[in-house]
Amino acid sequence: MEELSELLTQGGDERIFTGESGLNKYFVNPAAYKNIIYRGSCTCSPLNEGSKDALESLKSDLTEANYEEKIEAQRKELKRLVNPNVSDKFEVFFASSGSDLNYFPLLFQSLLHPNQPIHNVITAFEELGTGSVTAASGKFFFAKNQFGEDVPKGDPIFDEIEVIPHLFSARNEKGEILDHGKALISKLNELDRENSVIGNLVIGSKSGIEDNVSIIPRVREDVLWVIDICQVRVTKKLINRILDLGATIMITGSKFYQAPPFCGALLVPNKIVSKLEALDNFEKAHQFKRVFSKHNFPERLSKLRDLFRSEPNNGLLMRWEAALHEMRNLSKYSVKGVVDLTAEWFTLVRGIMEDYDDVFELMPDVDLTNKTIISFRVKHENDGYYNFDELTNLYRDIVTKEHVLAGKKRKITLGQPVKYGNKAFMRLALGSYSVRKMMDSGINERLERDIIKLIKSSSRLK
């Protein structure tokens, strides 16, 4: 069995590769977990002490013969963690990343409605995961697939079926969050009934934007709904409510739950799975053989699974094990306690940033976003704001060096910069591990002040 660091960077696209420096494209080593402050759980996290031990335990017990047993155990545990009372209301479809999850709805619609054009309506497109819009448009977003093969990045997956994306921005030029409810309902209801339709909503974009799922019952019934909750900064109650509405849900273990990148799962209500299970014609499925393996599909879809290769993906298995370790540990805390703690952290950090209003400007509508993420712009000393490239350089300079924070020398992760229009912002984001530590020991105000002072002083070195 390979070293843990090697396993963590297998079975995904080129974003997870580490170069000679040992860092991935986010300038993070996924296996380096000592002396780190985690404030980048919306982008990329390394292991922590507990998840590292969980992976070492799995690695010592993993063989080629028991791989399928291990992945089915993860599938069952994820179902139990989402709903311990009714774990059979949905099935779990695994994928190498959140972006890869966008291929499942295209596969479903191509099987259920063969040869019909697919209209894919997508909200907050500029704040979704890297490659998500490309994938949702029916194109390869990666140059390497989970099997390590070269793939023609940007080329269409389908030979014949047309995928037409309809994109709705997250924010206007002022950075204010846009409400597309009425426009989405109008768009979805006006599309030709001879086309298959996918409707995408997001609950927890890169900056924590949350669409209103109440529009689901207000549109035509043949829409395949996909709710992007990849950040998983929501309650189990909301996840179950959405499943009861008949919508599929995209989640990842590598954002809020801080597994190394990347690991995705699509939660699919039984009503949809039963339709797939009853099919006899899987002609269109062969076009996804460079994306999925048989292990990405639940066992009950045996006819569909048998069309795909059976190569194990140990890297994905390991990354999901890290996520499940965090999920089961956070579930020991009360929902109210976590909500109150994150609200307290948000209020503290917001207040500190407002004290440095000559350097930072909080994004408009920050109070409307999830309280585990704070999004902000960085001002130049003289005039204007840091653009995306400048923020990327600032981000790299901070996360690749050690700093003295709250009296100790350590490294820190941050949320990568996000573009909107020709502007950009940065993020501080709490993840499960950080929340658990704060729940046990309280919020360290000195540490939060030092983090913000670090970003401030680093921006003034430019």
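In this text, all values refer to a predicted model and were calculated from it rather than measured experimentally. For this chain, numbers begin at 1 and follow the sequence in order.
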Kindly check if the number of other-residue, nucleotide or ligand heavy atoms within 6.0 Å of NZ (K303) is above 12?
-> yes
Short N-O contact, K52 and E49, less than 4.0 angstrom = no
So, for H295 and Y67, is the gap between ring centers shorter than 6.0 Å?
-> yes
Verify side chain to side chain donor-acceptor pair (under 3.5 Å) between N200 and N120, making sure each step is shown before the conclusion.
-> CA-CA 7 Å; N200 290 268; N120 208 346; 2.5 Å; yes
Quick one: do the T392 and D389 side chains pair a donor with an acceptor below 3.5 Å?
-> no
Quick check: does any side chain N or O of R218 sit under 3.5 Å from a backbone N or O of I185, one acting as donor and the other as acceptor?
-> no
Would you call R300 and E91 a salt bridge, using N to O less than 4.0 angstrom?
-> yes
Main-chain N/O of K144 paired with E14 side-chain donor or acceptor, under 3.5 Å | yes
Is a side-chain N or O of K187 found less than 3.5 angstrom from the main chain of V121, in a donor-acceptor match?
-> no
Single hit among F288, F292, F104 for ring pair (Phe, Tyr, Trp, His ring centres under 6.0 Å) with F93 = F104
Over all heavy atoms of both residues, which pair between L101 and C230 is shortest? Give the atoms and the distance, please.
-> CD1-SG, 4.4 Å
Is D244 paired with K89 through a side-chain N to carboxylate O contact shorter than 4.0 Å?
-> yes
Over all atoms of both residues, closest heavy-atom pair of W345 and M438 | CD1-CE, 3.7 Å
Establish, yes or no, whether the cationic atom of R309 lies under 6.0 Å from the six-membered ring centre of F147 and within 45° of the ring axis.
-> yes
Report yes or no: does N29 contribute a side-chain atom to a donor-acceptor pair with the main-chain N or O of N24 at less than 3.5 Å?
-> no
Judged by modelled atom types alone, do R15 and S97 share a side-chain donor-acceptor pair under 3.5 Å?
-> yes
Heavy-atom donor-acceptor pair, N66 side chain to D61 backbone, under 3.5 Å | yes
Residues, nucleotides or ligands: over 12 heavy atoms within 6.0 Å of K139 NZ | no
Pick one: which of K70, K76, R75 meets salt bridge (charged side-chain N to carboxylate O under 4.0 Å, His left out) with E72?
-> R75
If you look at every heavy atom in A429 and S41, which pair is closest and at what distance?
-> O-OG, 3.6 Å
Find out whether Y257 and V232 are in side-chain contact, i.e. whether some heavy atom of one side chain is under 4.5 Å from a heavy atom of the other.
-> yes
Expected list for residues 155-170: side-chain donor-acceptor pairs under 3.5 angstrom, two or more places apart:
from: E160; atom 1: OE1; to: K284; atom 2: NZ; distance (Å): 3.3
from: H166; atom 1: NE2; to: H119; atom 2: ND1; distance (Å): 2.8

Would you say T413's side chain and R39's backbone share a donor-acceptor pair under 3.5 angstrom?
-> yes
So do the side chains of R220 and L191 get within less than 4.5 Å of each other, counting heavy atoms only?
-> yes
Check whether the side chains of N48 and E326 place a donor and an acceptor atom closer than 3.5 Å, and report yes or no.
-> yes
May I ask you to decide if the ring planes of F297 and F308 are parallel, tilted or perpendicular, using 30° and 60° as cut-offs?
-> tilted
Test side chain to side chain donor-acceptor pair (under 3.5 Å) applied to E321 and Q74, step by step = CA-CA 7 Å; E321 191 67 19; Q74 289 187 344; 2.9 Å; yes
T342 side chain vs V338 backbone, donor-acceptor pair below 3.5 Å | yes
Determine whether more than 12 heavy atoms belonging to other residues, nucleotides or ligands lie under 6.0 Å from atom NZ of K419.
-> no
Side chain to side chain donor-acceptor pair (under 3.5 Å) evaluation trace for R233 with T372 = CA-CA 8 Å; R233 300 175 191 275; T372 59; 2.9 Å; yes
Under 3.5 Å, is there a donor-acceptor pair linking the side chains of D100 and Q146?
-> no
Would one find more than 12 heavy atoms of other residues, nucleotides or ligands at under 6.0 Å from atom CD of E64?
-> no
Distance (rounded to the nearest 0.5 Å) between R305 CZ and K294 NZ | 5.0 Å
F376 ring center near F425 ring center (under 6.0 Å) | no
Identify the heavy atoms of N387 and A424 that sit nearest to each other, and give their distance.
-> C-CB, 4.2 Å
Kindly assign one of parallel, tilted or perpendicular to the pair F94 and W320, based on the angle between their ring planes and the thresholds 30° and 60°.
-> tilted
Closest heavy-atom pair and its distance - L330, S432 = CB-OG, 3.7 Å
Step-by-step side chain to side chain contact (heavy atoms under 4.5 Å, CB included) determination, L23 to V28 = CA-CA 5 Å; L23 306 178; V28 170; 5.7 Å; no
Using atom types as modelled and distance alone, determine if a side-chain donor or acceptor of Q116 lies under 3.5 Å from a backbone N or O of S110.
-> no
Without swapping roles, check the side chain of N145 against the backbone of R290 for a donor-acceptor pair under 3.5 Å.
-> yes
Grab the two heavy atoms, one from C263 and one from S254, that are nearest each other, plus how far apart they are.
-> N-OG, 3.6 Å
Do S196 side-chain atoms and P117 backbone N/O form a donor-acceptor pair below 3.5 Å?
-> yes
